[in-house]
Amino acid sequence: MDSQTGELLSWILTQDFAPKGTAGAFQEYDNKYVNVKKGSLAGLSTVLAAYKLFNYCHSYKEFKHKWPRKYH
Amino acid sequence: MNENLFASFITPMILGLPLVTLIVLFPSLLFPTSNRLVNNRFVTLQQWMLQLVSKQMMSIHNPKGQTWTLTLMSLILFIGSTNLLGLLPHSFTPTTQLSMNLGMAIPLWAGAVITGFRNKTKTSLAHFLPQGTPTPLIPMLVIIETISLFIQPMALAVRLTANITAGHLLIHLIGGATLALMSISATTALITFIILILLTILEFAVAMIQAYVFTLLVSLYLHDNT
């Protein structure tokens with residue numbers, strides 16, 4: 001989380017992608033942003049924003065041709 | 001436009017694998033469990049809300065009916081969270097699929113009715129005939145009551161599906177209308193935009209109300225039968 005974008009790739013490769021590791025990643029996020037004394041709305045909102053982004057990427061093809069253009 | 005309008009209700013697949021499983025499982029991530037006495041804010045808020053809802057909904061039942069508390073509370077949390085998450089743009093709402101709602105409604109209704117028939121057979125059968133009916137009307141009334149009993153799960157499922165689907169469709173349509181009107185007349189577009197805002201507020205309410213209604217009706221069927 002504290003790494004720069006340039007180090008993001010090397011950070012992802014250090015993560016363990018087995019189910020236990022993925023659960024560990026969730027726990028990491030949880031302990032840092034949600035499971036704290038004064039957790040705020042930002043912890044939840046980031047998860048929802050990531051979900052929104054995922055759905056956007058998944059349905060990109062369907063609305064690619066609906067962009068406001070002069071000639072459809 | 002017709003094909004595009006219903007495109008958001010197609011079951012999402014990714015590379016031929018069902019993505020819908022992950023989407024159905026996603027709301028469970030938002031309800032963390034905790035074994036501590038004093039929790040963080042998030043869990044405290046959720047526990048407070050859950051206590052409020054369970055007290056309000058399960059207080060009418062006898063101890064036998066209160067064994068259903070876990071089922072009904074999970075149900076209202078699931079439907080409420082799925083509906084609310086469906087209001088995010090481009091997201092898929094599992095409760096718009098009739099198959100899923102039937103899968104929720106029929107087992108719960110059947111469980112309540114069968115519990116009633118097994119434990120209190122005479123009372124359950126007596127529900128088919130309201131008190132004080134004139135004798136000639138009895139056969140017809142029994143038929144009508146049977147039909148109304150068997151329509152209960154269908155009504156539960158279809159009510160939830162239709163409400164959520166209709167809400168999403170309205171938002172799509174009025175949003176599209178606002179965009180189309182912007183180049184024609186800014187004032188009309190502004191009015192339509194205000195309508196859109198009001199509709200979104202309504203949809204938030206509907207999302208939660210539908211969850212409540214579903215669970216309330218199941219609990220009523222349970223109350224009749226325990």
Side-chain angles (χ1 to χ4, degrees), chain A residues 1-3 5 7-72, chain B residues 1-20 22-36 38-46 81-82 84-94 168 172-173 175-176 178-184 189:
Chain A
M1 315 288 174
D2 293 323
S3 57
T5 318
E7 302 167 5
L8 186 62
L9 186 59
S10 44
W11 176 79
I12 285 181
L13 290 174
T14 64
Q15 295 304 304
D16 171 22
F17 279 113
K20 182 159 178 256
T22 327
F26 288 136
Q27 276 244 312
E28 213 180 275
Y29 182 87
D30 193 39
N31 287 340
K32 190 153 180 198
Y33 294 103
V34 177
N35 202 2
V36 289
K37 222 176 190 173
K38 287 183 154 192
S40 67
L41 194 58
L44 176 67
S45 312
T46 318
V47 176
L48 291 182
Y51 180 63
K52 231 164 80 164
L53 188 67
F54 174 71
N55 282 319
Y56 181 88
C57 298
H58 182 72
S59 18
Y60 181 71
K61 257 197 321 199
E62 270 119 44
F63 58 79
K64 201 167 58 165
H65 59 86
K66 279 202 239 172
W67 280 351
R69 276 189 294 194
K70 194 170 177 195
Y71 301 109
H72 256 245
Chain B
M1 190 186 99
N2 290 333
E3 195 265 355
N4 293 334
L5 198 54
F6 289 101
S8 57
F9 296 117
I10 304 175
T11 326
M13 307 273 260
I14 191 166
L15 304 173
L17 289 171
L19 188 60
V20 61
L22 287 178
I23 295 186
V24 168
L25 291 174
F26 177 67
S28 63
L29 265 186
L30 303 173
F31 294 106
T33 52
S34 171
N35 295 329
R36 295 172 172 231
V38 178
N39 294 307
N40 54 42
R41 274 182 190 178
F42 194 47
V43 174
T44 315
L45 259 175
Q46 284 176 356
S81 61
T82 336
L84 284 172
L85 278 177
L87 288 171
L88 291 172
H90 301 301
S91 50
F92 172 72
T93 323
H168 285 298
H172 275 281
L173 283 170
T178 316
L179 267 180
L181 279 174
M182 260 198 319
S183 50
I184 299 176

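Naming: A, B, ... by sequence-line order, numbering from 1 per chain.
By the side-chain hydrogen bond (donor to acceptor under 3.5 Å, both in side chains) test, A:Asn55 is found to be paired with no residue, residues two or more places apart in sequence or in another chain being considered. Residues passing the side-chain hydrogen bond (donor to acceptor under 3.5 Å, both in side chains) test with A:Thr46: none are found, sequence neighbours excluded.
For A:Leu44, the part lying near chain B is the side chain, with the backbone staying farther off; criterion is any non-hydrogen pair under 4.5 Å. With a 4.5 angstrom heavy-atom cutoff, B:Phe26 touches chain A only via side-chain atoms.
The shortest distance between side-chain heavy atoms of A:Phe54 and B:Leu19 falls below 4.5 Å.
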Next on the checklist: Before you tell me yes or no, could you show the steps for A:Tyr56 and B:Leu88 under side chain to side chain contact (heavy atoms under 4.5 Å, CB included), namely the whole-Å CA-CA distance, both residues' side-chain angles and the distance that decides it to 0.1 Å?
Outcome noted: CA-CA 10 Å; A:Tyr56 181 88; B:Leu88 291 172; over 6 Å; no
